[in-house]
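Written below as structure tokens is the structure these notes are about.
Values reported hereafter were calculated over all heavy atoms of this structure, with side chains retained and with hydrogens, waters and symmetry mates removed. Remember, it's 1-based here, ligands and their atoms both numbered in the order they're listed.
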Amino acid sequence: MKKEALITGATSGIGRAAALRLAKEGYAVTVTGRRAERLAALKAEIEAAGGRCTTLVFDVRSEEEVRRNLEPLGRVDLLVNNAGLAAGLEHIDQGDTRDWDAMIDTNVKGLLYVTRVIAPKMVAAGGGHIFNIGSIAGTEAYENGAVYCASKHAVHAISQSMRADLLSAGIKVTEIRPGMVETEFSEVRFHGDKERADAVYTGVEPLTGDDIAEAIAWAAQLPAHMNVNDMVLMPAQQAGAYYTYRKTK
Ligand code: NDP
Ligand code: 8X3
């Protein structure tokens, strides 16, 4: 019997790469996101390679949609709480409160809504593995990033408490906290400004979604008695939110 994995935010970037990698590792994957066509294309790609894939189209910000889509699922062995975003990069006196709502509602409340439905299934099954995609912004707070950093600090706190809460149920909780990963993240952060997004990666070889998927796949196959609590993954040219070495030609 195949193990079952649920990956939120699989239409792009880290979530998409994680879904492809976990399918390759033999998991039957359920992938979620708001963009139905992207999920359909991912399903076709996984099935063409002999894998199994189910798609669920919903917005993690809606508790009602989360419950309606996820409650009917059967066993879930592995959950990747990945759906998330940064929106805007401004000083606190200039930020757009709609961006703040989007980040808090997705990165914090969305992750909680999904976990609230899936964790009891894992408890009932006697085990499971939850991966929360945090960020270096979960322990570093940088200029212009107050609300994104706050949301990832929340993910860091929730991951630690969740690990303690679920310990006796045999559920592992791994938080993955990447630095710079080239995905649609910066384009979303800058509201579609591709030029500004591309500039984030100038002179740097960033991580890719596949790099993060590699870490998830590794941590997922460890022996039952061994867990990775927290993994900070950086490009070799980045040491922290304020330290990036950019090569110039
Ligand atoms: P992408 O923008 O490439 O992917 C984000 C994914 O999240 C998409 O699949 C998107 O799907 C989904 N998503 C966003 N909002 C919602 C929503 N309301 N409901 C459902 N799904 C949603 O970015 P990344 O792959 O980089 O981001 C994935 C995670 O990694 C995020 O939590 C991010 O904070 C984190 N991260 C990213 C880093 C980076 O440098 N890229 C570094 C550290 C952490 P759709 O739009 O179709 O709904
Ligand atoms: C994404 C990385 O440094 O933009 O979480 O916060 S950073």
Side-chain angles (χ1 to χ4, degrees), residues 6-20 31-42 55-66 69-70 80-89 98-99 101-111 113-114 131-156 158-159 175-192 196-197 199-201 204 206-213 215-216 231-235 238-244:
L6 169 65
I7 302 105
T8 68
T11 57
S12 164
I14 294 170
R16 184 178 188 281
L20 286 164
V31 292
T32 86
R34 291 165 300 179
R35 288 170 287 182
E37 325 74 58
R38 295 250 192 137
L39 291 178
L42 177 59
T55 62
L56 295 173
V57 181
F58 66 90
D59 188 325
V60 296
R61 290 173 297 182
S62 161
E63 184 179 5
E64 189 276 321
E65 286 185 38
V66 170
N69 280 278
L70 298 186
V80 185
N81 266 322
N82 166 75
L85 79 163
L89 193 69
R98 288 167 300 185
D99 286 343
D101 286 341
M103 290 186 275
I104 291 168
D105 291 349
T106 309
N107 302 355
V108 185
K109 291 170 70 182
L111 180 147
Y113 294 153
V114 170
F131 288 82
N132 291 333
I133 307 301
S135 166
I136 56 167
T139 49
E140 285 190 75
Y142 51 81
E143 186 180 6
N144 292 313
V147 178
Y148 181 70
C149 294
S151 76
K152 291 298 182 180
H153 273 64
V155 172
H156 189 48
I158 290 164
S159 299
E175 186 187 2
I176 307 259
R177 303 200 298 108
M180 208 183 277
V181 189
E182 191 165 13
T183 62
E184 292 177 6
F185 178 85
S186 293
E187 233 179 298
V188 171
R189 171 173 257 174
F190 298 128
H191 300 296
R196 197 173 169 202
V200 171
Y201 311 107
V204 183
L207 296 174
T208 64
D210 288 341
D211 296 327
I212 309 304
I216 294 171
M231 203 189 278
V232 181
L233 295 169
M234 306 289 281
Q238 188 183 22
Y242 280 105
Y243 303 104
T244 302

Q: Output the set of protein residues with a heavy-atom contact under 4.0 Å to ligand 1, ordered first by chain identifier and then by residue number.
A: G9, A10, T11, S12, G13, I14, G33, R34, R35, F58, D59, V60, R61, N82, A83, G84, T106, I133, G134, S135, Y148, K152, P178, G179, M180, V181, T183, E184, F185, V188
Q: If you have a sec, work out which protein heavy atom is nearest atom 3 (O) of ligand 2 and how many Å separate them, to one decimal?
A: I136 CD1, 3.8 Å
Q: Using side-chain contact (heavy atoms from CB on, under 4.5 Å) as the criterion, list what pairs up with M231, not counting sequence neighbours.
A: I176, A215, W218, A219, V228, L233
Q) Who's the nearest protein heavy-atom neighbour of atom 6 (O) of ligand 2, and how far? A) Y142 OH, 2.6 Å
Q: For S135, counting its heavy atoms only, list the atoms of ligand 2 lying under 4.0 Å from any of them.
A: 1 (C), 2 (C), 5 (O), 6 (O)
Q. Which of the numbered atoms in ligand 2 are below 4.0 angstrom from a heavy atom of R189?
A. 4 (O)
Q.
Checking the side chain of E182 only, and the main-chain atoms of Y201 only, is there a donor and an acceptor separated by less than 3.5 Å?
A. no
Q: Could you list which atoms of ligand 2 come closer than 4.0 Å to a heavy atom of Y148?
A: 1 (C), 5 (O), 6 (O)
Q) Got a second to check how far L56's CG is from E65's CD, nearest 0.5 Å? A) 11.5 Å
Q) Is a side-chain N or O of D105 found less than 3.5 angstrom from the main chain of R61, in a donor-acceptor match? A) no
Q. For S12, which residues count as a side-chain contact (heavy atoms from CB on, under 4.5 Å) partner, sequence neighbours excluded?
A. R35, R38, E184
(Q) Suppose we screen for side-chain contact (heavy atoms from CB on, under 4.5 Å). Which residues come up paired with V181, at least two apart in sequence or across chains? (A) I14, P178, T183, L207, I212
Q. So, the side chain of D211 versus the backbone of T208: is there a donor-acceptor pair under 3.5 Å, distance only?
A. yes
(Q) I'd like to know if the side chain of E140 reaches the main chain of A241, judged simply by a donor and an acceptor atom lying under 3.5 Å from each other, with no hydrogens or angles considered. (A) yes
(Q) List ligand 2 atoms under 4.0 Å from A137, heavy atoms only on the residue side. (A) 6 (O)
Q | Identified side-chain contact (heavy atoms from CB on, under 4.5 Å) partner of V31 from the options L6, T11, L20, L42 | A | L42
Q. What do we get for K152 next to ligand 2 when only non-hydrogen atoms under 4.0 Å count, side chain, backbone, both or neither?
A. neither
